[in-house]
Amino acid sequence: MIINNILFKKYGKFTNREFTFSSRLNIIFGKNETGKSTLATALKTFFYTDLGSKNKYKKTYIPLMEDKGAFDVDFVTDKGEALKSLVTLGKTNGKTLVKTVNPGNGEELNGDFSRLGEHFFNISEEMFDSVCYIRDLQSVDKLIANKSDVHDALSKTESGPVDIDLSGVLKEIKDELLEYKRPTPTGKIYPVAKRIEEIDRIISDIEDIKESVEGTKEEIDSLVAEEKQLSEEFKDFEGKKKQLKEYTEYENARVQTKLLEEIKKDEELKEKLKPHFTPIDEDDLERIRQLEASKKTEKNLSSHLILTAAVFVCGLMLGLLSPLLSASALLSAVPLLLYFKGKKFNDKLKEEKEEYTKLISKYSINGFEHYLKLKEDALGRLNEIKLIEQRIEFNKKRINHFNPEALKTEIPKPDFNEAWVTESLKRIQERLYEIKTLIASKNEKVSGAFNNLPDISELTEEKKELTEKLTALKYEEQIATDCYNILNITNNSFKASYIPYLNREVADILEKVLGNIDYFNIKDDLTCEIRKTDALTPLPKENFSNGTDALIYFAIRLAMYKLISGEEKIPLILDDCFLELDSERFGAILKYISENITSQIFYFTSSERIFNLTLANSTINRL
C-alpha cells in the first residue's frame, strides 16, 4: 500500500491541512508540539480506527469545542487500485466511521473497511504496533521475552531447531475459522463477532434515534411556544403601528390647521399692506417738480405805485417852478412800467400756484418729495406682499389630505418611533418564517426517523443466538486465532523456523550498518550474541554497549517487519527512534532503510541533524 496524501479537515492541531507523501522514504521534521504525533497517530487510526477499547487516541486528537474530527486518506493498493478513505471520529459513544470509496466514480466499496490494517495486511493491531510502528529503541531482552511463545512453538524442540511445514495447519485453521463466520448477501464472509458488534451499534443507534426524536419533539414544542409568543408580539407591534398612524394623522391635522391659520393671517396682512398709491403721469410729475424748483415769490407792487405817484407829483410841482422841470413828471412812467411788469409776474406766479395746487390735489400728494416717498413705500409694500404671497403659496402646497375629524380626539405622542416598529415587525416576521421552516423540517425528521429501521426484537434475538454460538466456540476460536496470528509473523512460503531467518536478516542489517559484523544468533535460551569480523568468538549480550543493544533491538524489529510484510506491503512508521544513536550510525541506518525497504516509510523526527544527510534533502516535510 502507498499513501499518497492525507487531508486533515479537523484533527489535532490541523484544520484544512494537506500532506503529500512519496512512495518510499518520507521524513517529517518538526519541533515538539508541532503535530508529529498527531500525524503518526492519524496513520495508525487510518489502519485500526479506534486504537484500542478506550479510544484514547481518537478523543485526544479531536479538537477542543468540536464534536467530531475528520480526515481523508488517498492511497493505492499493491494491486494498483486507487482508493480514498473518509475517516470521521466522534466523541459521542466513541464511534469512528470509515467509508472507503473509489474516487473516480464516488462509489462506496462493499465490505468491512473499518480496520484497514486487518483487511489489507491480515495482521492484528497488536502485531502492527509491535513490529511496524517503532517509537523508541529498547533492550533486546524486552523484545525477545515478548516473543517467547512464538519461539517455543516454531523453533524449539528437544532436538533443536527444525523445519516446519505450516501450509496444512494454515488451511485447517482457516477452514475452522470459517465455521465461526457467516456469509453476507453479497457472498463475502462476515465475522460473527463483527455482526454482534454491528447489532449492538444498530440497537444503540436506534436508541440514539429515539432519544434524538424525543429531543426533537421538545425542540418543536419550544419552537411552537416561541411562535405563539412572537405572534402575540406581532399583534402588539401591529397595534403600535396603528397607534403611530393615528398619531401621524392627528399631528398632520394639527399642522394643517396651523397652516390654514397662517394662510388666513397672511391673506389679511396682504390686504392691509396693499398700497393706496396712484402713479402720476410723467409730464405732470415733471411739471410739479419744475413748479417746486422755480422758487418764485410774489413781488410787492405797492412801492411801485407810491414811487410812481411821488415822481409824478414831484414832476408837477417842479413844473410849477419851471416849465422845463415839468418834464420830470414823465419819469413816473418808469416805476409805473415796473409796476405793470411786476403785476404781470405776480399774475403768472398765481397761475403757477393754482396749477401746482390743482396738480397735487389731483394726485392727493403734498409735493414731489412726498410722491417719491409714497412711491418708495408702495414698492416696499409690494415686495413684502410678494413674499407673503410666496409664503401663502408654499403653505397651500403643504396642505395635503387634511382630515379635520382627526382633531376630535387628542392623541398623545407615542414613546416609540416608526423605524423601531418597522424593524421589530421585520425581525419578528423573519423569525416566524424561520420557526415555521424549522418546525416543518423537524416534523418531517420525526415522521421519518424510524423509516426502514430493523425490528429491535429481531435484532435482539439474532444477537442472542450469535452470542450463544460464539460463547460455545470461544475456546476453539481463541486457539485458532492465536495460531493464525503466529502464522501471520511468517511468510506463507517460509517453511523453516523464523529464528534462522531473523539471524540472517539481523546479521545482514548489522553488517551494513556497523560494517564489521559477520555473525548474529538468537539462541534457544532467548539470549543473543554477535561476532565481529576480526574476532574469534561471539560477543555475548551482557557485553553490548547501550547503542549496540538498541541497534540490535531495531534490527530484530526490522527483520520481523520484513518477515510479515507479505503480498500487501505494510507502511513502516518510525517515530524519532534513533535519538540515542551517534551521527555515523544514524546516517548508516537511514541509508540502509532507504535502500533495502521497498515499502513506504514514514520517519518522524525533531532532530536537525537530519538536514546533514544528502538522502533526506528531497524527502523532508516540515511541520
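Computed from heavy atoms alone, side chains included, the values below leave out hydrogens, waters and symmetry copies.
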**OP:** For Glu444, check side-chain hydrogen bond (donor to acceptor under 3.5 Å, both in side chains) against everything at least two apart and list the hits.
**Re:** none
Original post:
If you count the non-hydrogen atoms of other residues, nucleotides and ligands that lie under 6.0 Å from CD in Glu18, is the total more than 12?
Top reply: yes
Subject >> Glu434 with Arg431: basic N within carboxylate O range, under 4.0 Å >> reply: yes
**OP:** Check ring-ring contact (aromatic ring centres under 6.0 Å, His included) between Phe128 and all other residues, then give those that pass, not counting sequence neighbours.
**Re:** Phe47, Tyr48
Original post:
Is a side-chain donor or acceptor of Arg24 paired with a backbone partner of Ile597 at a separation under 3.5 angstrom?
Top reply: yes
**OP:** Indicate yes or no: does Glu608 engage Lys31 in a salt bridge with an N to O separation below 4.0 Å.
**Re:** yes
Subject >> Lys265/Glu268 ion pair, N-O < 4.0 Å >> reply: no
Original post:
Taking only residues two or more places apart in sequence, or in another chain, which ones meet Lys272 in a side-chain contact (heavy atoms from CB on, under 4.5 Å)?
Top reply: none
Original post:
Closest heavy-atom contact between Thr20 and Asn621?
Top reply: O-ND2, 3.3 Å
Subject >> Results of ring-ring contact (aromatic ring centres under 6.0 Å, His included) for Tyr133 - residues two or more places apart only >> reply: none
Original post:
Less than 4.5 Å apart, any side-chain heavy atom of Glu389 and any of Lys270?
Top reply: yes
Original post:
Do Asn16 and Leu7 pass the side chain to side chain contact (heavy atoms under 4.5 Å, CB included) test, and can you show the C-alpha distance, the side-chain angles, and the key distance before you say yes or no?
Top reply: CA-CA 7 Å; Asn16 294 327; Leu7 171 60; 5.5 Å; no
**OP:** Under the side-chain hydrogen bond (donor to acceptor under 3.5 Å, both in side chains) rule, what do Thr409 and Tyr250 come out as? Steps first, then yes or no, please.
**Re:** CA-CA 8 Å; Thr409 304; Tyr250 169 75; over 6 Å; no
Original post:
Got a donor-acceptor contact below 3.5 angstrom from the Thr216 side chain to the Ser212 backbone?
Top reply: yes
Original post:
What's the spacing between Leu260 CG and Lys396 NZ if we round to 0.5 Å?
Top reply: 10.0 Å
**OP:** State whether Phe237 and Lys240 meet the cation-pi test: NZ (Lys) or CZ (Arg) under 6.0 Å from the six-membered ring centroid, and within 45° of the perpendicular axis.
**Re:** yes
**OP:** Please examine the side chains of Glu108 and Thr100, heavy atoms only from C-beta on, and report whether any two atoms are closer than 4.5 Å.
**Re:** no
Subject >> Which residues share a side-chain hydrogen bond (donor to acceptor under 3.5 Å, both in side chains) with Ser606, sequence neighbours left out >> reply: Asp576
Original post:
Val73 versus Asn4: any side-chain heavy-atom pair under 4.5 Å?
Top reply: no
Subject >> Worked verdict on Glu261 versus Lys264 for salt bridge (Lys or Arg N to Asp or Glu O under 4.0 Å) >> reply: CA-CA 5 Å; Glu261 292 175 355; Lys264 184 178 178 181; over 6 Å; no
Original post:
Are Asn443 and Ile220 close enough that some pair of their side-chain heavy atoms sits under 4.5 Å apart?
Top reply: yes
Subject >> Rounded distance [0.5 Å steps], OG in Ser85 versus CZ in Phe75 >> reply: 4.0 Å
Subject >> Any Ile3 side-chain heavy atom under 4.5 Å of Gln600 side chain >> reply: yes
Subject >> Under the ring-ring contact (aromatic ring centres under 6.0 Å, His included) test, residues paired with Phe71 that sit two or more places apart >> reply: Phe8, Tyr11
Subject >> Atom CZ of Phe394: over 12 foreign heavy atoms under 6.0 Å >> reply: no
**OP:** Report yes if the side chains of Leu425 and Lys241 come closer than 4.5 Å at any heavy-atom pair, otherwise no.
**Re:** yes
Original post:
About how many Å separate CD1 of Ile199 and CG of Asp205, when rounded to the nearest 0.5 Å?
Top reply: 13.0 Å
Subject >> Euclidean distance, Lys228 NZ relative to Ile435 CD1, rounded to 0.5 Å >> reply: 14.0 Å
**OP:** List the atom of Ser23, the atom of Ile2, and the distance in Å for their closest heavy-atom pair.
**Re:** O-CD1, 3.5 Å
Original post:
Considering only heavy atoms from C-beta outward, does the side chain of Thr88 approach that of Leu86 to under 4.5 Å?
Top reply: no
Original post:
Under 3.5 Å, side chain of Thr77 to main-chain N/O of Glu81, donor-acceptor pair present?
Top reply: yes
**OP:** Tell me, with the steps shown, if Glu232 and Asp236 meet side chain to side chain contact (heavy atoms under 4.5 Å, CB included).
**Re:** CA-CA 6 Å; Glu232 293 297 326; Asp236 180 58; over 6 Å; no
Subject >> Val87 and Asp72, any side-chain heavy atoms less than 4.5 Å apart >> reply: no
Original post:
Does a salt bridge link Lys36 with Asp575, judged by any charged N lying under 4.0 Å from a carboxylate O?
Top reply: no
Subject >> Shortest non-hydrogen contact from Leu244 toward Pro414 >> reply: CD2-CG, 3.9 Å
Subject >> Gap between atom CG of Leu387 and atom CG of Asp266 - 0.5 Å precision >> reply: 10.5 Å
Original post:
Please walk me through it: do Val76 and Leu83 pass side chain to side chain contact (heavy atoms under 4.5 Å, CB included)?
Top reply: CA-CA 6 Å; Val76 179; Leu83 301 174; over 6 Å; no
**OP:** Give the minimum heavy-atom separation between Ala82 and Pro103, together with the two atoms involved.
**Re:** O-CD, 3.4 Å
Original post:
To the nearest 0.5 Å, what is the distance between CD1 (Ile385) and CD (Glu271)?
Top reply: 8.5 Å
Original post:
Would you find a donor on one side and an acceptor on the other, under 3.5 Å apart, between the side chain of Glu219 and the backbone of Val213?
Top reply: no
Original post:
How are the rings of Phe604 and Phe602 set to each other: parallel, tilted or perpendicular (split at 30° and 60°)?
Top reply: parallel
Original post:
How far apart are the closest heavy atoms of Tyr561 and Pro571, and which atoms are they?
Top reply: OH-C, 4.0 Å
Subject >> Lys569 vs Thr598, side-chain hydrogen bond (donor to acceptor under 3.5 Å, both in side chains): CA-CA, chis, key distance, verdict >> reply: CA-CA 8 Å; Lys569 293 179 181 178; Thr598 58; 3.3 Å; yes
Subject >> Glu418, CD: over 12 other non-hydrogen atoms inside 6.0 angstrom >> reply: no
Subject >> Ile610/Tyr603 under side chain to side chain contact (heavy atoms under 4.5 Å, CB included): CA gap, chis, key distance, verdict >> reply: CA-CA 10 Å; Ile610 191 67; Tyr603 175 50; 4.1 Å; yes
Subject >> Non-hydrogen atoms of Leu25 and Ser594 that approach each other most closely >> reply: CD2-CB, 4.1 Å
